[in-house]
Amino acid sequence: VWNQIAIHRYSLAHSNRDPTTSRHVAVVGAGAAGLVTARELRREGHSVVVLERGSQIGGVWTYTSQVEPDPLSLDPTRPVVHSSVYKSLRTNIPRECMGFTDFPFAARPHDGSRDPRRHPGHSEVLAYLRDFAKEFDVEEMIRFETEVVRAEPAADEENRGKWRVESRSSDGAADEIYDAVVVCNGHYTEPRHAHIAGIDSWPGKQIHSHNYRVPDPFKDQVLAQGSHHYTEACGLVKSLVSSLNSWMVFFLLPLQIVIVIGSSASGVDISRDIAKVAKEVHVSSRSTSPDTYEMLPGYDNLWLHPVIETARIDGSVVFQNGKTVYADTIMHCTGYKYYLPFLDTKGEVTIDDNRVGPLYKHVFPPALSPGLSFIGLPWQITPFPMFELQSKWVAAVLSGRVSLPSQDEMMEDIKAFYNKLEASGIPRRYTHLMPDDSQFEYDNWLADQCDYPRIEKWREEMFYIGFKRIYAQSATYRDNWDDDHLIVEAYDDFVKFMS
Ligand code: FAD
């Protein structure tokens with residue numbers, strides 16, 4: 001039974017803390033990271049302005065049926081749709097461990113207005129974030145429909161050490177000075193694409209999962225015999241169909257054959273979504289052996305292949321296992337790139353093969369700290385609690401309650417981290433990937449910096465078990481589990497935050 005949060009551990013732990021410096025801070029973005037960052041900054045005594053280019057809070061969780069006009073999102077001048085969430089999306093992390101540590105993402109009473117499932121749909125996550133924003137009066141700090149177009153260290157003598165932030169809204173352009181900027185702009189909007197030999201002459205359609213919403217466009221197609229798409233893309237069936245009349249084409253040939261590149265969370269969901277309506281779906285995975293060719297359990301039209309070797313002008317796509325598929329569409333579920341077009345650090349922070357750096361502990365660039373910080377760069381993690389801990393740390397550093405090491409020491413730490421990645425053969429693009437137990441080590445390190453309780457054991461265990469479940473039972477993991485004992489522990493813990 002949920003009413004309101006009565007007390008939270010953090011305010012109790014810090015109710016008598018020493019007076020600290022209050023800063024004027026700009027937060028870029030009002031997704032989950034921006035919301036909790038605003039809360040933490042204000043709790044620490046800072047004055048906060050959140051600049052959000054959208055018209056509501058929630059970032060990636062604000063589902064829209066709208067997609068970008070360029071299905072691959074290659075055109076840098078395209079109108080950007082922020083969210084990459086598809087209609088059928090349910091969380092891949094159990095709700096108990098997904099929520100902020102002091103604002104449980106608990107199932108609400110089943111009154112029909114909320115989604116009580118353990119892995120709820122996207123609208124429940126948005127509702128949770130709205131509850132959070134309401135509970136902590138975050139919205140009053142947000143300027144909606146205000147896009148940050150430039151953030152840079154102020155150059156004039158009077159504002160040395162501060163940040164100039166230029167933004168654009170329907171009220172016009174603004175140019176303001178802040179003591180610090182916290183970047184919370186998300187990293188699931190700018191697509192990465194697979195490189196496929198021969199793709200430039202391949203005649204089919206291509207789309208990135210960023211622009212996927214519903215499977216309907218992949219249903220049996222009504223194709224006029226001789227249409228450009230039909231003749232170009234369906235080489236193999238062409239000769240068969242040309243012997244039939246167009247009436248029969250309409251009724252007999254469900255022509256949509258889709259190749260989905262990528263077998264991580266979105267690839268798994270989207271391939272199954274499309275397989276419900278399309279003729280065939282072929283998933284190309286780089287984490288499978290080169291001779292893999294298998295029908296996925298529970299389906300008669302969904303195959304798993306290794307990587308694509310080549311795409312050809314006749315519409316065929318050849319996989320590393322030697323199989324050839326004549327496909328209508330290639331869906332790139334190949335992830336996203338960090339993208340910071342508004343940030344001008346005069347070269348102090350760069351993006352190199354998807355490494356944002358140099359950053360001390362994925363948050364502070366030594367040369368520009370503590371004035372510039374980033375919340376939410378790590379991935380393959382449970383994001384909300386990490387955002388919370390990172391933003392507590394940033395807030396405490398900005399107020400002077402917690403100190404950073406010297407610039408040289410931070411650089412040494414970063415170099416040692418990069419060297420470790422290199423020695424292990426980990427490419428730069430995985431710099432912010434946190435596999436295995438590194439995320440909780442990191443979370444606990446952050447918690448220790450801020451004198452905040454470490455991540456609960458049940459949360460850690462639930463995340464690992466949940467992660468394993470995704471691989472072991474990818475079709476059913478959201479509805480079948482065997483860690484009820486952890487749910488009990490979680491709700492025992494939640495009681496202290498609910499009245
Ligand atoms: P976002 O939610 O992307 O918010 C960034 C905000 O910044 C946006 O509101 C945007 O409008 C704003 N913004 C960007 N640029 C500017 C600018 N220049 N000026 C002003 N505002 C700007 N996480 C989970 O915990 N569980 C899941 O099950 C899960 N599933 C996911 C499924 C998909 C398909 C995707 C894409 C992500 C999923 N995630 C999941 C991860 C999810 O991204 C994080 O949970 C989290 O919501 C990210 O929050 P954020 O605030 O960092 O970024």
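Counting convention: from 1, in listed order, for ligands and their atoms alike. Residue indices begin at 1 and follow the sequence shown.
- In this structure, the side chain of His208 engages the main chain of Arg192 through a donor-acceptor pair within 3.5 Å.
- Sorted by chain then number, the residues whose non-hydrogen atoms approach ligand 1 to under 4.0 Å are Val28, Gly29, Ala30, Gly31, Ala32, Ala33, Leu51, Glu52, Arg53, Gly58, Gly59, Val60, Trp61, His82, Ser84, Leu89, Thr91, Asn92, Ile93, Met98, Thr146, Glu147, Val148, Cys184, Asn185, Gly186, Tyr188, Phe342, Pro383, Phe384, Phe387.
- Under the 6.0 Å distance and 45° angle rule, Arg95 counts as a cation-pi partner of Phe105.
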Run the side-chain donor-acceptor check on residues 47-55: report pairs under 3.5 Å with partners two or more places apart or on a different chain.
unit_1 : atom_1 : unit_2 : atom_2 : d
Ser47  : OG     : His24  : ND1    : 2.7
Glu52  : OE1    : Ala30  : N      : 2.7
Glu52  : OE2    : Gly54  : N      : 2.6
Arg53  : NH2    : His82  : ND1    : 3.3

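- A search for ring-ring contact (aromatic ring centres under 6.0 Å, His included) contacts involving Tyr442 returns His362, not counting sequence neighbours.
- In this structure, Phe384 and Phe100 have parallel ring planes: the angle between them is below the 30° cut-off, well short of the 60° mark.
- With sequence neighbours excluded, no residue forms a ring-ring contact (aromatic ring centres under 6.0 Å, His included) with Tyr418.
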